[in-house]
Amino acid sequence: MEQLTKEEVQEEEKWKAYRTYLQNRNKAENTVIAYLAAVRQYQSLYLEVTGDRLRLYKCYLIEHYKPQTVNVRVRAMNAYLEYLGMEEDKMMMVRHREQTYCDHVISQADYEYLKKCLVRDGNARYYFLVRFLAATGVRVSEVIQIRIGDVACGFRDLYSKDNQVRRIYIPRELREELLEWLRQRTIPGSSEIDHKGAYLFQNRCGDPMTAAAIRGQLRKFADLYGIEKKTMHPHAFRHRFAKNFLETIGDIAMLSDLLGHRNIETTRIYLRRSAAEQRQIVNRVINW
């Protein structure tokens, strides 16, 4: 086994001591790993820890990463500066400018077009899946939990990690169409609707569909039907539900409850126009 040099041993001891320092401050293991990686990145670029070098490092981060990642690295280096007793050189976080528009929402026209294509191609399973997403506002992790019995009673109660209950309502029109579809699907000896404990959306093996499979299939539909890929993901249909609900009902407090948002401020983004909508309005209205 190859022996480490004296310098390598000292380097390993240094990292071990810093890891212990972070652990003693109750940093989660993932945070410890991220902080160590940031310091190693800094040291791969600069030999010394000085105010000037730190400013250069921050500029490097801003040029290469998104603001959220920049701030993670900045926090990591600030923790390292505290460890070194160099608090006066700590760096400021970068401001993450609030998005003034709500993007990556599938348009109503594309949503209707997608449904028509799925019906035309006989893909009833995904037709009802995208309808379910857009008509209930469920997350993809939630839609795969829906069972046939939930369709029969018209709702499903889901429990979050903090034991809060969120009720998913299945609109009457969608529910009736789903029940008819289930009656037509057969399991040897009975209609599928009799199997209320079975999952509503199953793969070909009879197991519940996975979120990854749904995301992958939606990307394929984007290519197949010529729909913009960035709006063909499960959450885009949740966005569509929210936009349609606000335009029709206008009750943001109720929408926040239906979406399962802890804070109504999270829901307010749906009051905003998409970038494309903003452009259309500007082009149509401004003539001065």
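As the structure is a prediction and not an experimental result, all values here were calculated from the model.
Judged purely by atom type and a 3.5 angstrom limit, His233 uses its side chain to pair as donor or acceptor with the backbone of Ala236. Remark: the backbone N or O of Lys16 is paired with a side-chain donor or acceptor of Thr20 at under 3.5 angstrom. In terms of modelled atom types and a separation under 3.5 Å, the side chain of Arg156 and the main chain of Ile168 share no donor-acceptor contact. Arg215 places no side-chain N or O within 3.5 Å of a backbone atom of Pro234 that could act as its donor or acceptor partner. One N or O on the side chain of Lys58 and one on the backbone of Met92 form a donor-acceptor pair closer than 3.5 Å. Looking only at distances, a side-chain donor or acceptor of Gln145 sits under 3.5 Å from a matching main-chain atom of Ser141. For Arg147 (side chain) and Tyr199 (main-chain N/O), no donor-acceptor pair under 3.5 Å exists by modelled atom type.
Under a hydrophobic clustering in which Ile, Leu, Val, Met, Phe, Trp and Tyr are joined whenever their side-chain heavy atoms come within less than 4.5 Å, directly or via other members, Ile214 and Leu224 fall into the same cluster. Cluster annotation: Leu22 is not connected to Val72 through the hydrophobic network of ILVMFWY side chains, with a link wherever side-chain heavy atoms come within less than 4.5 Å.
Annotation: side chain of Val140 is not in contact with side chain of His235 (no heavy-atom distance under 4.5 Å). At a threshold of 4.5 Å between non-hydrogen side-chain atoms, the residues Glu173 and Arg131 count as touching. Put simply, the side chain of Leu56 does not reach to within 4.5 Å of the side chain of Leu45, judged on heavy atoms. Residues Val138 and Leu158 are not in side-chain contact: their nearest non-hydrogen atoms beyond the backbone lie 4.5 Å or more apart. For the pair Leu133/Arg238, no side-chain contact is recorded, criterion being any heavy-atom separation below 4.5 Å from C-beta on. Residues Met232 and Lys229 have side chains not in contact (no heavy-atom distance under 4.5 Å, counting atoms from C-beta outward). In this structure, Arg19 and Glu29 have side chains that are in contact, with non-hydrogen atoms separated by less than 4.5 Å.
When all heavy atoms of Asp89 and Gly51 are compared, the closest pair comes out as OD1-CA, 4.0 Å. For the residue pair Val143 and Leu129, the shortest heavy atom distance occurs at CG2-CD1, 3.8 Å.
The number of heavy atoms from other shown groups lying within 6.0 Å of CE (Met93) is above 12. Residue Arg172 qualifies as open at atom CZ: its count of foreign heavy atoms under 6.0 Å is 12 or below.
One distance of note links CH2 of Trp181 with CD of Glu177; it measures 12.0 Å at 0.5 Å rounding. A distance of 11.5 Å separates CG in Asp207 from CE in Met209, rounded to the nearest 0.5 Å. Taking OH of Tyr46 as the reference point, atom CD of Gln41 lies at 9.0 Å (rounded to 0.5 Å).
Aromatic ring orientation, Tyr83 versus Tyr18: tilted (interplanar angle from 30° to 60°).
Judged purely by distance below 3.5 Å, without hydrogens or angles, the side chains of Tyr225 and Asp121 pair a donor atom with an acceptor atom.
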